[in-house]
Q: 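Take this structure, written in structure tokens, and hold onto it; I'll ask about it next.
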Amino acid sequence: MSFTVAIDGPAAAGKGTISRAVAAHFGFAHLDTGLLYRAVAARMLDGFDPVVAAQGLDPAHLERGDLRSPAVSQAASKVAAIAEVRAALVDFQRAFGARAGGAVLDGRDIGTVICPEAEVKLFVTASDEVRAERRWRELAAGGVDTTPADVLAEIRERDRRDSARATAPLRPAEDAFVLDTSRMSIDEAVAAAISAIGERQ
Ligand code: C5P
């Protein structure tokens, strides 16, 4: 039997950390759908047409080391506004969500478009400043030379683009459980997510 957990939210809200922890806790598979758009963006920056890149996306493209760079982040939110790019990625994501044994998918449109029938939908958010600070620490730890102010501007620009696009804009599903992690530790946020999911199991 399938059991699908949809986790959406703006950039750097903690979706990835929460999704990995939840998947490990329940023994579910996890798909970071942002990586698909990042891989298409990286191929576009290499000179490929983004629609062709999305239609021909290969697992090897998801393994590249540069997918978390700020340049790829911005390009990802640009290719993600192209309806044909999104359409090319739908079947893979839906099949992942329907797999036996349970699946967690995190992204922007999982609860609204990809898996509207998901058993559990979480919308994970936090204030812009908190998200920027967390992402800046992550980037700095990974050796990326940037400032909290630049990261704040970067995620605001991406959120604006992701929320304003016509196809599958970023927004909580009507039946999503909204988890504001601004004042929570990682452990508290993970515990809240696990309890929301446990209630519906
Ligand atoms: O989640 P992450 O920040 O890695 O996603 C990168 C970009 O990919 C987002 O800014 C968004 O534009 C796009 N995306 C999307 N739909 C998803 C996941 C990511 O549009 N389900």
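Side chains included, hydrogens not; waters and symmetry mates left out as well; all remaining heavy atoms used. Whatever order the structure lists ligands and atoms in, that order sets their numbers, starting from 1.
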Q: Less than 3.5 Å between some nitrogen or oxygen of Y37 and one of ligand 1, yes or no?
A: no
Q: When you group the ILVMFWY residues by side-chain heavy-atom contacts below 4.5 Å and let the links chain together, are L105 and L62 in the same group?
A: yes
Q: Identify, by atom number and element, the atoms of ligand 1 in contact range of S77, meaning under 4.0 Å from any of its heavy atoms.
A: 10 (O), 12 (O)
Q: Quick one: which of R165, R160, R158 gives a salt bridge (charged side-chain N to carboxylate O under 4.0 Å, His left out) with D162?
A: R165
Q: Could you tell me if any non-hydrogen atom of R165 lies under 4.0 Å from any atom of ligand 1?
A: yes
Q: Which part of R86 is near ligand 1, with near meaning a heavy atom under 4.0 Å away: side chain, backbone, both or neither?
A: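 Answer for R86: side chain.
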Q: Checking side chain to side chain donor-acceptor pair (under 3.5 Å) for the pair D180/S182: CA distance, chi angles, key distance, verdict?
A: CA-CA 6 Å; D180 185 335; S182 301; 2.7 Å; yes
Q: Could you tabulate the donor-acceptor pairs under 3.5 Å formed by side-chain atoms of residues 4-16, not counting sequence neighbours?
A:
unit_1 : atom_1 : unit_2 : atom_2 : d
T4     : OG1    : G97    : O      : 2.8
D8     : OD1    : R108   : N      : 3.1
D8     : OD1    : D109   : N      : 3.2
D8     : OD1    : I110   : N      : 2.9
D8     : OD2    : I110   : N      : 3.2
D8     : OD2    : G111   : N      : 2.8
K15    : NZ     : G9     : O      : 3.2
K15    : NZ     : P10    : O      : 2.9

Q: With atoms numbered from 1 as shown, which atoms in ligand 1 lie under 4.0 angstrom from a non-hydrogen atom of D162?
A: 9 (C), 10 (O), 11 (C), 12 (O)
Q: Starting from atom 18 (C) of ligand 1, what is the nearest protein heavy atom, named by residue and atom, and what distance separates them?
A: T33 OG1, 3.3 Å
Q: Taking only heavy atoms of A80 into account, list the atoms of ligand 1 that are under 4.0 Å away from them.
A: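 Answer for ligand 1: 12 (O), 13 (C), 20 (O).
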Q: Please check if the distance between the ring centroids of F123 and F177 is under 6.0 Å.
A: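 Here the rings of F177 and F123 have centres that are no less than 6.0 Å from each other.
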Q: What part of R158 sits under 4.0 Å from ligand 1 if we count only heavy atoms: the side chain, the backbone, both or neither?
A: side chain
Q: We want to know whether S73 and R68 form a side-chain donor-acceptor pair, criterion being a heavy-atom distance below 3.5 angstrom.
A: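 Per modelled atom types, S73 and R68 side chains form no pair under 3.5 Å.
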